[in-house]
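None of these values were measured; they are calculated from a predicted model. So you know, we letter chains A, B, ... as the sequences are listed, proteins then strands, and number each from 1. Worth knowing before you read on, the calculation uses all heavy atoms, side chains too, and leaves out hydrogens, waters and symmetry mates.
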2 protein chains.
Amino acid sequence: MQTPSTEEKILAAARKIFVDKGLEGARMQDIADEAGINKAMLHYYFRSKEKLFDTIFTDVAKEFLPKLFAILTADKTLFEKIELFCAAYIEHETKTPYVPVFIIKEINRGPKALMQRITQVGSPPFDAVIAQIKRETKAGIIKPLEPFDLLLNTLSLCIFPYLAKPMVQAVTGMNTVQFNDMMKKRCATVSKVIIDSIKA
Amino acid sequence: MQTPSTEEKILAAARKIFVDKGLEGARMQDIADEAGINKAMLHYYFRSKEKLFDTIFTDVAKEFLPKLFAILTADKTLFEKIELFCAAYIEHETKTPYVPVFIIKEINRGPKALMQRITQVGSPPFDAVIAQIKRETKAGIIKPLEPFDLLLNTLSLCIFPYLAKPMVQAVTGMNTVQFNDMMKKRCATVSKVIIDSIKA
DNA sequence: GTCTATATTCCGATAGAC
DNA sequence: GTCTATCGGAATATAGAC
């Protein structure tokens with residue numbers, strides 16, 4: 001791997017700092033230091049802090065969402081999809097544990113520009129999933145249910161532990177390695193809770 | 001109710017602004033405006049922004065946690081406690097929907113001083129709940145389970161929707177009233193998912 | 001206790017030399 | 001393209017009159 005260009009160094013540094021501290025918490029100086037370059041260069045390559053942030057946010061969303069969407073549209077049973085979804089999500093978050101906090105902070109900071117950008121990255125394949133739920137309900141595989149509840153339950157169980165990670169660690173005394181181990185084991189637990197709740 | 005004192009006005013205003021915008025997003029001027037007083041008074045009553053924030057954070061935690069702890073130590077079956085816990089939590093959050101975002105943002109902002117303050121407010125009655133789980137497992141009422149998973153699952157399902165509220169609203173088109181209605185209905189759903197997952 | 005005015009600090013952004 | 005130096009604004013905090 002050759003030496004990264006200045007722009008690449010900036011992007012990597014900005015991602016680290018923004019994901020860690022959010023738009024308001026991050027300092028341009030922090031990003032420059034992390035990248036090992038001068039603060040002025042940030043403005044040379046990206047016009048402003050906001051523009052740099054937007055670039056990072058979009059990048060993060062673009063890696064984050066399509067992978068999950070792909071699972072939802074694959075040719076699998078609903079139960080399989082739930083297991084794959086939980087596994088993929090937790091696997092991904094183990095590598096980027098601060099992203100959930102980052103996302104939650106920013107979508108709650110309005111205006112709605114960022115929300116729109118998320119949905120722009122690619123619309124979630126709700127229709128396909130809803131159709132599948134109807135099919136499997138009719139086939140007697142799962143109980144009648146609100147697709148929305150299923151989605152919200154799944155996301156809640158996968159994402160929330162990362163949001164509450166500092167509290168979990170404070171209460172249990174886990175370090176980060178132990179936390180990741182715990183989440184890996186929890187993956188099966190979560191799938192099971194969800195599947196049990198919808199099995200006919 | 002008599003006219004609130006200046007200090008009370010400051011506390012009420014600071015709470016509103018801090019809960020809404022977080023420590024970094026809030027401006028002392030915003031708080032002064034909200035309270036209808038001068039900015040200098042904030043420093044007269046509380047020495048600094050940080051100190052004012054700490055006061056608010058502790059207050060919020062002090063109202064937030066004991067109510068839930070009380071349910072966990074009540075003389076009820078585990079199933080009853082789960083239902084009461086979800087109902088109380090969702091009821092409370094309908095009135096203060098920004099508190100979860102506030103808490104999550106701040107506990108992820110280090111240093112750990114704030115986390116310590118939460119646990120200081122009063123230790124969660126883990127021992128009592130764990131003992132009850134063991135008893136009911138032995139009695140054949142519930143499956144053998146990790147108490148930690150039960151707690152995390154319950155909190156996840158109750159809290160996460162408030163954290164993701166902007167996304168939920170963007171995807172479903174709900175307004176706030178509809179969102180609250182949805183959560184009220186969801187309360188039963190959440191209890192059921194949890195109870196189904198532990199019933200023997 | 002409350003206000004006005006001002007000091008101080010911090011940070012994003014820019015100018016200009018190289 | 002990259003740096004140093006600096007501007008300008010915003011926000012916290014303080015001084016001092018009343």
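Rounded to a whole Å, the CE atom of B/Met28 is 20 Å from the P atom of C/dA7. Between the P atom of C/dG12 and the CD atom of A/Glu50 lies a distance of 11 Å, rounded to the nearest Å. Distance NZ (B/Lys49) to C1' (D/dT14): 17 Å, rounded to an integer number of Å. The separation between B/Glu24 atom CD and C/dG12 atom P is 12 Å, rounded to whole Å. Atom P of nucleotide C/dC11 and atom CZ of A/Phe53 are separated by 18 Å, given to the nearest angstrom. Atom CZ of A/Phe46 is separated from atom C1' of C/dT14 by 18 Å (rounded to the nearest Å). We find that CG of A/Asp30 is positioned 8 Å from P of C/dC11, with the value rounded to whole Å.
For A/Arg27 and A/Arg47, each mapped to the nucleotide of DNA chain C holding its nearest heavy atom, the one lying further toward the 5' end belongs to A/Arg27.
A salt bridge is defined here as a Lys NZ or Arg NE, NH1 or NH2 lying under 4.0 Å from an Asp or Glu carboxylate O, and A/Glu63 with A/Arg15 meets this definition.
Residues that satisfy the side-chain contact (heavy atoms from CB on, under 4.5 Å) test with B/Leu84, not counting sequence neighbours, are B/Ile71, B/Lys76.
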If you restrict it to nitrogen or oxygen atoms, what contacts under 3.5 Å exist between nucleotides 2-5 of chain D and the protein, and what is each distance?
from, atom 1, to, atom 2, distance (Å)
D/dT2, OP1, A/Thr6, OG1, 2.8
D/dT2, OP2, A/Thr6, OG1, 3.4
D/dT2, OP2, A/Tyr45, OH, 2.6
D/dC3, OP2, A/Asn38, N, 3.3
D/dT4, OP2, A/Asn38, ND2, 3.0

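Inter-residue side-chain proximity for B/Val101 and B/Lys105 is flagged as met; some heavy-atom pair is nearer than 4.5 Å. Using a 4.5 Å heavy-atom threshold, the side chains of B/Phe126 and B/Pro147 count as separate.
For the pair B/Thr73 (side chain) and B/Ala70 (backbone), a donor-acceptor distance under 3.5 Å is present. Side-chain N or O atoms of A/Glu7 include none that pairs as donor or acceptor with a backbone N or O of A/Tyr45 at under 3.5 Å.
Contact annotation for B/Ala32: no contact, since no heavy-atom pair falls under 4.0 Å across all strands.
Neither OP1 nor OP2 of C/dT14 sits under 4.0 Å from any side-chain N or O of A/His43.
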